[in-house]
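Note that the coordinates shown come from a computational prediction; the quantities given were computed from them, not determined experimentally.
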Amino acid sequence: MPKLRTETFGSGDQSWLGSTHGIANGRTGTLQLTAFTAATHYPDGYLRSGTPVNAADEDVIKPWTAAAGEQLGFLLFDAPVVAGQVAPVSILRHGIINAPNLPVAFTVPTAGAAGFVFVGGTA
């Protein structure tokens, strides 16, 4: 029998959003969790809101690496990882990004970031 667990639900720290533009149009994607590293991407048991991802294939969302052919997206809300599983996630595909407030080190890309405007410099 599974043990009971307590969960707190919320959207996470969304101070990385430079405006509300684009949030109503977040697209649902499925994370390929094996492409993410627990110690790097979700050390606290969840992927953070604002994590940059490659959204070129919404059925196989992977970490953003800025490689050719990738399409930038950002996790719109925190995504809890429980027993190696994660629910579908909402991906921001266009909007204004306050780069210094992203939850990870991030260099504003020169390609592959169509639809995004970055403000505040780089994180």
> Any ring pair (Phe, Tyr, Trp, His ring centres under 6.0 Å) pairs touching residues 14-35, not counting sequence neighbours?
Replying inline: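 Sorted result for residues 14-35: W16-F74, H21-H94.
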Under the rule for side chain to side chain contact (heavy atoms under 4.5 Å, CB included), what residues qualify as partners of [X], not counting sequence neighbours?
| X | result |
| --- | --- |
| T28 | P88 |
| I23 | L17, T20, L76, L92 |
| T30 | none |
| A67 | T65, E70 |

Which atoms form the tightest heavy-atom contact between [X] and [Y], and what is the distance?
| X | Y | value |
| --- | --- | --- |
| F116 | G73 | CZ-CA, 4.2 Å |
| I96 | S19 | CD1-OG, 3.7 Å |
| S49 | G12 | CB-CA, 4.5 Å |
| L72 | P52 | CD1-CB, 4.0 Å |
| P63 | A35 | CG-O, 3.3 Å |

> Roughly how far, to the nearest 0.5 Å, is the OG1 atom of T107 from the CG atom of L102?
Replying inline: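 Result: 10.5 Å between the selected atoms.
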Determine which pairs satisfy salt bridge (charged side-chain N to carboxylate O under 4.0 Å, His left out) with at least one residue from [range], sequence neighbours left out, and list them in order.
| range | result |
| --- | --- |
| residues 98-116 | none |
| residues 105-120 | none |
| residues 95-120 | none |

Return all side-chain donor-acceptor pairs below 3.5 angstrom for residues 53-60, not counting sequence neighbours, or 'none' if the list is empty.
{"unit_1": "N54", "atom_1": "OD1", "unit_2": "A56", "atom_2": "N", "d": "3.0"}
{"unit_1": "N54", "atom_1": "OD1", "unit_2": "Q71", "atom_2": "N", "d": "3.2"}
{"unit_1": "D57", "atom_1": "OD1", "unit_2": "D59", "atom_2": "N", "d": "2.9"}
{"unit_1": "E58", "atom_1": "OE1", "unit_2": "R27", "atom_2": "NE", "d": "3.3"}
{"unit_1": "E58", "atom_1": "OE1", "unit_2": "R27", "atom_2": "NH2", "d": "2.7"}
{"unit_1": "E58", "atom_1": "OE2", "unit_2": "R27", "atom_2": "NE", "d": "2.9"}
{"unit_1": "E58", "atom_1": "OE2", "unit_2": "R93", "atom_2": "NH1", "d": "2.8"}

> Under a single-linkage definition using a 4.5 Å side-chain heavy-atom cutoff for Ile, Leu, Val, Met, Phe, Trp and Tyr, are L75 and Y46 assigned to the same hydrophobic cluster?
Replying inline: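 They do not share one cluster, since no chain of ILVMFWY contacts under 4.5 Å joins L75 to Y46.
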Distance-only donor-acceptor hits, side chain of residues 36-45, under 3.5 Å, sequence neighbours excluded:
{"unit_1": "H41", "atom_1": "ND1", "unit_2": "T37", "atom_2": "N", "d": "2.8"}
{"unit_1": "H41", "atom_1": "ND1", "unit_2": "T37", "atom_2": "O", "d": "3.4"}
{"unit_1": "D44", "atom_1": "OD2", "unit_2": "R48", "atom_2": "NH2", "d": "2.6"}

>> Can you confirm whether D13 sits close enough to P103 that some side-chain heavy atom of one is under 4.5 Å from a side-chain heavy atom of the other?
In response: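 In short, these two side chains do not touch, never coming nearer than 4.5 Å.
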